[in-house]
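Just below is one structure, and these are the notes that go with it.
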2 protein chains.
Amino acid sequence: MNLLSQSQIVAFENKMENFIPNHSVDCVILGYEDQQLKVLLLKWKMHGGWCLPGGFIFKDEDMDDAAHRILQERTGLHQLFLNQFYTFGNQKRAEHPTDQDGRLIKESMTQLGFTKPAVLKWFNKRFITTGYFALVDIAKAQPQPDFLSAACEWRPVNALPKLVLDHNEILEKAIVHLRHQLNYVPLGLSLLPKKFTMQDLQKLYEAILGKPMERSNFQRKILKLKVLVRREKLMSGAANKAPYLYSFDENSYHRLIKEGIGF
Amino acid sequence: MNLLSQSQIVAFENKMENFIPNHSVDCVILGYEDQQLKVLLLKWKMHGGWCLPGGFIFKDEDMDDAAHRILQERTGLHQLFLNQFYTFGNQKRAEHPTDQDGRLIKESMTQLGFTKPAVLKWFNKRFITTGYFALVDIAKAQPQPDFLSAACEWRPVNALPKLVLDHNEILEKAIVHLRHQLNYVPLGLSLLPKKFTMQDLQKLYEAILGKPMERSNFQRKILKLKVLVRREKLMSGAANKAPYLYSFDENSYHRLIKEGIGF
DNA sequence: GCAAAAGTGTTCTCTATACACCCATGG
DNA sequence: CCATGGGTGTATAGAGAACACTTTTGC
């Protein structure tokens with residue numbers, strides 16, 4: 001029995017001709033929840049392997065726009081913070097040393113119900129892929145599997161499954177890039193609720209950097225950037241001093257992203 | 001009269017089928033001479049426009065290897081320091097706002113002597129291009145034009161001609177990337193002669209960063225990295241104190257490139 | 001009052017920067 | 001001796017890390 005409906009198959013066959021061959025885009029979509037950094041993954045219908053959300057570039061579409069489109073399709077979000085970080089051009093990306101998924105893809109095509117030689121050929125081709133990463137608000141995102149996937153879920157980056165192809169490597173490089181970025185741009189607007197405490201922000205930084213930071217120094221460092229506006233205190237009901245709530249001054253925030261943090 | 005010989009045309013026609021379609025590699029090859037940062041440019045046979053050395057990726061070749069091959073073909077050098085910095089995927093790269101070279105390419109094909117429809121089609125296609133940059137020793141490089149070019153020359157980056165397509169943008173991005181890199185890795189081994197004075201190194205940094213630096217502070221900063229070995233003094237014949245000569249300790253240098261400069 | 005967490009202050013070290021000073025060299 | 005550029009020293013300001021102290025809150 002075919003995993004795809006006939007209309008899904010025809011839809012892809014029609015679109016396929018309008019894609020640039022040999023090039024794809026993969027998105028590392030990161031979010032923050034339960035004090036953990038999470039990444040949006042897809043689970044393939046075929047053999048159940050996990051992968052990054054990705055797609056192809058239409059012939060009349062800028063590559064950046066393709067990345068935005070993929071992000072939008074998987075999360076429903078339009079996102080400003082979407083960054084290209086690297087292009088993976090190894091010939092044997094599909095035949096990663098510890099990975100036979102390249103072979104598995106081929107075998108899976110008939111399972112899915114694809115029969116046209118052109119389609120089989122398409123998925124057997126070598127693809128160069130460009131990686132983008134985005135930071136989104138998990139609460140606002142509505143994960144949508146694509147037609148090849150049975151599931152679309154947030155997974156903590158600290159406990160990841162083995163991903164297909166070289167997607168573990170892509171994700172790893174995205175996170176290195178993100179940590180690096182943290183030295184140059186402010187972060188958090190798209191990952192935190194409108195109002196948050198300094199502890200919330202610190203936990204976010206700690207989740208990204210993977211290491212604890214010193215409380216008082218963190219506060220000073222962030223406040224010195226002048227991107228936060230101090231609001232009312234949060235009466236949590238806990239037996240301790242009530243922390244201030246903060247929100248981002250969006251003007252300062254975006255100016256700082258453009259200009260970078262004093263370097 | 002055709003600008004290409006029949007054998008050049010046939011050679012390309014044969015190779016063409018083995019290239020990945022729609023993707024190219026462009027190399028920003030930088031060198032240092034006369035206290036100036038220079039870039040290797042090619043001058044097209046057709047309309048005489050200047051461009052970055054570039055090429056295509058063979059179907060059985062890693063993209064990084066393609067970049068190394070292009071560098072080798074244009075300079076005769078094998079170079080370790082060759083870095084991918086960005087991939088340019090705009091649909092209308094060839095139709096840059098201030099540039100009509102996309103059209104010029106098409107018109108030039110027949111001038112060159114290409115007649116096969118497949119070749120004409122090849123050059124009319126949209127290409128996504130990945131930029132690499134290298135730092136090489138101009139003294140060791142032997143610039144070689146490719147079959148499409150009439151000249152291959154070092155040009156100072158401070159006085160550049162208008163380049164074809166979006167190559168000015170690519171070069172600009174490479175230099176920003178290089179300046180950024182300067183904060184993380186040591187630099188100079190491939191750009192300076194074996195032995196050099198501290199002033200030589202400083203002039204190099206100033207050429208890359210495009211701004212003057214303080215003499216005594218520069219010296220301390222560099223020496224603290226522990227990548228330089230102090231040699232004998234240079235008796236230049238000038239009426240002033242003789243400066244020390246230095247050379248790189250290659251082990252420390254490459255270790256530092258790998259590990260980065262304390263961040 | 002007490003525990004817990006927040007806000008603020010202090011100390012120390014390290015770095016960057018600017019500039020001062022003396023040294024070597026050849027005319 | 002003097003002009004020129006090289007090597008080293010010093011003073012100051014700012015950043016970052018570690019930690020101490022005080023304040024607020026609910027029980």
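Everything numeric here is computed off the predicted structure, so don't read it as measured data. Just so we're on the same page: letters track the sequence lines, and every chain starts at 1.
As rounded to whole Å, 17 Å separates atom P of C/dA5 from atom CE of A/M235. Rounded to whole Å, the distance from CG on A/L201 to C1' on C/dA5 is 17 Å. As a whole-Å value, the separation of B/K221 NZ from D/dG9 P is 20 Å. Taking atom CD1 of A/I222 as the reference point, atom C1' of C/dA6 lies 16 Å away to the nearest angstrom.
Nearest-nucleotide positions on DNA chain D for B/Q199 and A/G237 put B/Q199 closer to the 5' end.
Ring geometry for B/F85 against B/H177 counts as tilted: the plane angle lies between 30° and 60°, on a 0 to 90° scale. Relative ring orientation between B/F218 and B/Y205 is described as perpendicular, the plane-to-plane angle rising above 60° on a 0-90° scale split at 30° and 60°.
Contact of the B/H167 side chain with the B/W50 side chain is not registered, since no non-hydrogen atoms from C-beta on lie closer than 4.5 Å.
Put simply, the side chain of A/D62 never gets that close to the backbone of A/D65: no donor and acceptor are under 3.5 Å apart. Under a 3.5 Å cut-off, the side chain of B/Y86 and the backbone N or O of B/K173 do not form any donor-acceptor pair. In this structure, A/D166 contributes its side chain and A/E169 its backbone to no donor-acceptor pair below 3.5 Å.
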Quick test: give all pairs of protein nitrogen or oxygen and nucleotides 2-4 of chain D nitrogen or oxygen below 3.5 Å, distance rounded to 0.1 Å.
unit_1, atom_1, unit_2, atom_2, d
D/dT4, O2, B/A239, O, 2.9

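Applying side-chain contact (heavy atoms from CB on, under 4.5 Å) to A/D26 and the options A/T129, A/I70, A/L171, A/L165 leaves one that passes, A/T129. Screening B/R230, B/R231, B/K195 for a side-chain hydrogen bond (donor to acceptor under 3.5 Å, both in side chains) involving B/Y246 leaves a single residue, B/R230.
For the pair A/Q219 and C/dA6, the criterion of a side-chain N or O lying under 4.0 Å from OP1 or OP2 is not met. At C/dA16, one or more side-chain N or O atoms of B/K224 fall inside 4.0 Å of OP1 or OP2 (strictly under the cut-off).
With hydrogens and angles left out, the side chain of B/R220 and the base of D/dG7 share no donor-acceptor pair within 3.5 Å.
Applying a 4.0 Å cut-off to non-hydrogen atoms, the residues of residues 210-218 of chain B that approach DNA chain C are B/E214, B/S216, B/N217, listed by residue number.
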